[in-house]
K.L.:
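Below you will find the structure I want to go over with you.
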Number of protein chains: 2
Amino acid sequence: MTKPTRFLDPTVTVDVVIFTVEDGALKALIIKRAREPFQGSPALPGGFIRRGETSVTAAERILADKAGVKDVYLEQLYTFDEPHRDPRGPVFSVTYFALAPRDEIRIAETAETQKPRFSPVSALPKLAFDHNNIIGYAVERLRSKLEYTNAAYSLLPKSFTLTELQKIYEAIVNRDLDKRNFRKKFKELGLIEPTGSKSKGGRRRPAELYRFKSRKPRMLKKFF
Amino acid sequence: MTKPTRFLDPTVTVDVVIFTVEDGALKALIIKRAREPFQGSPALPGGFIRRGETSVTAAERILADKAGVKDVYLEQLYTFDEPHRDPRGPVFSVTYFALAPRDEIRIAETAETQKPRFSPVSALPKLAFDHNNIIGYAVERLRSKLEYTNAAYSLLPKSFTLTELQKIYEAIVNRDLDKRNFRKKFKELGLIEPTGSKSKGGRRRPAELYRFKSRKPRMLKKFF
DNA sequence: GTAATAAGTGTATTTAATACACTTATTGTC
DNA sequence: GACAATAAGTGTATTAAATACACTTATTAC
């Protein structure tokens with residue numbers, strides 16, 4: 001395709017905010033950059049889009065390579081293109097966010113991305129580029145998303161207790177929820193069903209285990 | 001910036017869905033393409049990003065050139081990059097949507113974009129590229145946006161009657177709203193105030209004119 | 001004066017959200 | 001085997017928000 005040079009020919013990258021909930025806190029996957037620019041800085045996993053890829057398939061590749069998961073919840077977030085966000089020149093970043101249960105994720109180190117780890121979104125280090133902004137925006141989107149969709153299923157293992165479910169919500173919306181109201185609301189939504197078995201272990205009453213009836217994204221009236 | 005060719009080097013364009021409400025219907029600005037591909041087809045106003053521009057400033061330029069407005073509501077929508085959306089090759093479209101009162105818009109024809117007109121979103125022709133998809137997505141976003149923000153101010157002239165305000169809402173959410181409930185709700189939100197003057201003309205009772213206290217975007221609990 | 005038109009106004013009902021505290025099942029310890 | 005510890009589980013009353021619904025008023029044209 002021919003195009004006069006008076007047009008901007010930006011480089012296009014994809015960055016992915018991979019969320020999970022661990023120890024009652026909402027966390028995002030952070031890697032350490034092996035190369036310039038920002039060599040050694042913590043950053044989001046991401047990179048150039050390869051030939052034959054779309055931005056989604058690039059995001060899926062990053063998810064598979066860095067977190068060892070596929071078929072998880074993945075949604076385009078925003079395209080960041082502030083002129084000086086990358087010292088190399090005009091670089092557009094098409095960003096995505098993903099949700100996965102902690103126990104399905106296998107963090108993997110690659111040549112370009114060292115020491116990957118989950119960092120609580122409430123205590124992130126200063127990240128490369130505008131990546132702090134990107135995560136901030138993703139957290140906002142996730143919070144509002146949770147209020148009118150069943151997206152939380154993406155953060156939970158196949159079976160879970162109602163208390164675990166509530167803790168996920170509390171971690172994301174960042175406030176305590178009333179136990180009885182939460183359970184009432186969730187049960188009448190009809191999204192989950194008891195598995196029939198109970199949690200074991202610990203010096204306490206065992207809890208009923210539940211599963212989501214469907215793991216397809218759905219819109220809902222309102223959650224809490 | 002050096003980059004191996006195994007990476008995708010997409011062209012990046014900006015397309016803008018310019019919404020207004022006219023004759024009680026939600027409409028979007030549609031132009032006719034003067035060039036290939038899709039020469040002669042109706043399409044969204046848009047084009048390449050120029051050197052020195054970001055996607056937002058390109059969207060602002062398109063708004064100024066095609067609709068003669070600036071400082072209107074403008075929000076990034078989504079980045080479309082399906083591999084075959086443009087016959088020329090991989091073209092990313094960073095899309096925006098804008099809201100402006102019909103009476104502030106001055107439609108202008110340019111060399112590349114002929115016969116611009118507002119078309120009701122409920123009866124769009126088949127558009128070039130994936131532009132029908134883009135508008136569909138924008139309408140969805142606008143509808144949900146209206147439920148929890150004061151964004152409607154962007155579609156109204158400086159002063160307006162409560163009936164005009166209600167008609168805008170009805171046009172967008174595509175259903176009738178109750179007059180008494182609508183007025184009650186809107187008044188207690190405290191976003192508008194009477195100007196003191198009244199509408200004139202016509203064989204009917206004159207209506208109180210209102211204005212928005214603030215024309216800044218705001219988040220609200222819920223609208224209707 | 002009256003016909004036509006849209007403006008304007010209030011209450012009762014239904015539904016959803018919130019606040020709130022005790023009992024139960026289990027395990028480990030003495 | 002009693003009891004201490006722990007988290008699971010459960011219902012009702014109150015408050016707030018959403019909805020449903022119909023007549024009167026101000027003006028203009030004829």
Side-chain angles (χ1 to χ4, degrees), chain A residues 21 23-24 143-144 146-150 156-157 159-171 173-211 219-224, chain B residues 21 23-24 143-144 146-150 156-157 159-171 173-211 219-224:
Chain A
V21 171
D23 305 327
R143 285 198 174 126
S144 69
L146 217 60
E147 297 201 357
Y148 58 90
T149 73
N150 64 344
L156 287 156
S159 85
F160 50 85
T161 68
L162 288 177
T163 300
E164 286 164 352
L165 181 61
Q166 185 176 342
K167 291 248 175 298
I168 296 268
Y169 271 84
E170 289 176 336
V173 302
N174 209 24
R175 67 172 200 273
D176 289 352
L177 301 172
D178 180 89
K179 194 184 189 182
R180 280 173 291 189
N181 293 341
F182 182 85
R183 292 159 105 96
K184 195 195 321 168
K185 194 72 159 286
F186 229 99
K187 284 177 175 175
E188 77 197 16
L189 278 167
L191 297 173
I192 55 173
E193 61 190 1
T195 62
S197 40
K198 288 182 184 293
S199 70
K200 291 213 57 158
R203 166 185 178 168
R204 68 191 183 286
R205 178 172 174 176
E208 191 73 40
L209 289 172
Y210 289 81
R211 64 172 152 246
M219 292 295 277
L220 305 169
K221 280 270 148 140
K222 190 111 176 32
F223 243 49
F224 48 88
Chain B
V21 171
D23 305 328
R143 286 199 174 125
S144 70
L146 217 59
E147 296 200 358
Y148 58 90
T149 73
N150 64 344
L156 287 154
S159 84
F160 49 86
T161 68
L162 288 178
T163 301
E164 286 165 353
L165 181 62
Q166 185 177 343
K167 291 251 175 298
I168 296 269
Y169 272 84
E170 289 177 334
V173 303
N174 209 25
R175 68 173 199 273
D176 288 352
L177 301 172
D178 181 89
K179 194 183 188 181
R180 279 173 291 192
N181 293 340
F182 182 84
R183 291 159 105 96
K184 194 195 320 168
K185 194 72 160 288
F186 229 100
K187 284 175 175 176
E188 78 197 13
L189 278 168
L191 297 174
I192 55 173
E193 61 191 1
T195 61
S197 40
K198 288 183 185 293
S199 69
K200 290 214 58 158
R203 167 184 178 169
R204 68 189 184 286
R205 177 171 176 178
E208 191 72 41
L209 288 170
Y210 288 81
R211 63 172 152 247
M219 292 295 277
L220 306 168
K221 280 269 148 143
K222 190 112 174 33
F223 243 48
F224 49 87

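Protein chains get the first letters and strands the later ones, always in sequence-line order, with residue 1 at the start of each. In this text, all values refer to a predicted model and were calculated from it rather than measured experimentally.
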K.L.:
Say whether, by atom type as modelled, one donor and one acceptor occur between the side chain of A:E208 and the main chain of A:P194 under 3.5 angstrom.
P.N.:
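Looks like no, no N/O pair under 3.5 Å.
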
K.L.:
Calculate, to the nearest 0.5 Å, the distance between atoms CG and CD belonging to A:L209 and A:E193 respectively.
P.N.:
12.5 Å

K.L.:
Measure the distance from CZ on B:F182 to P on D:dA18 and round it to the nearest whole Å.
P.N.:
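It is 14 Å, rounded to the nearest whole Å.
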
K.L.:
State whether the side chain of B:T195 and the backbone N or O of B:R211 hold a donor-acceptor pair below 3.5 Å, judged by distance alone.
P.N.:
no

K.L.:
Can you tell me how far the CD atom of B:E170 sits from the OG1 atom of B:T163, to the nearest 0.5 Å?
P.N.:
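The CD atom of B:E170 sits 9.5 Å away from the OG1 atom of B:T163.
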
K.L.:
Starting at atom CZ of B:R203, determine the distance to atom C1' of C:dT2, rounded to an integer number of angstrom.
P.N.:
11 Å

K.L.:
So which protein N/O to nucleotides 7-11 of chain C N/O distances come out below 3.5 Å?
P.N.:
unit_1, atom_1, unit_2, atom_2, d
C:dA7, OP1, B:T163, OG1, 2.8
C:dA7, OP2, B:T163, OG1, 3.0
C:dA7, N7, B:K179, NZ, 3.1
C:dA7, N3, B:R205, NH1, 3.3
C:dG8, OP1, B:E208, N, 2.7
C:dG8, OP2, B:R183, NH2, 2.5
C:dG8, O5', B:R183, NH2, 3.3
C:dG8, N7, B:K179, NZ, 2.7
C:dT9, OP2, B:K187, NZ, 3.4
C:dT11, O4, B:K184, NZ, 3.0

K.L.:
Check the distance between C:dT18's C1' and A:E188's CD and give it to me in whole angstrom.
P.N.:
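The answer, rounded to whole Å, is 13 Å.
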
K.L.:
Start with the C-alpha distance between A:Y148 and B:Y148, add both sets of side-chain angles, then the distance that settles ring pair (Phe, Tyr, Trp, His ring centres under 6.0 Å), and finish with yes or no.
P.N.:
CA-CA 13 Å; A:Y148 58 90; B:Y148 58 90; 7.7 Å; no

K.L.:
What do the steps show when you test A:F186 against A:L165 for side-chain contact (heavy atoms from CB on, under 4.5 Å), and what is the final call?
P.N.:
CA-CA 10 Å; A:F186 229 99; A:L165 181 61; 3.7 Å; yes

K.L.:
Could you check how far CG of A:L177 sits from C1' of C:dT18, rounded to whole Å?
P.N.:
12 Å

K.L.:
Just how far, in rounded Å, is P of C:dC20 from CG of A:D176?
P.N.:
14 Å

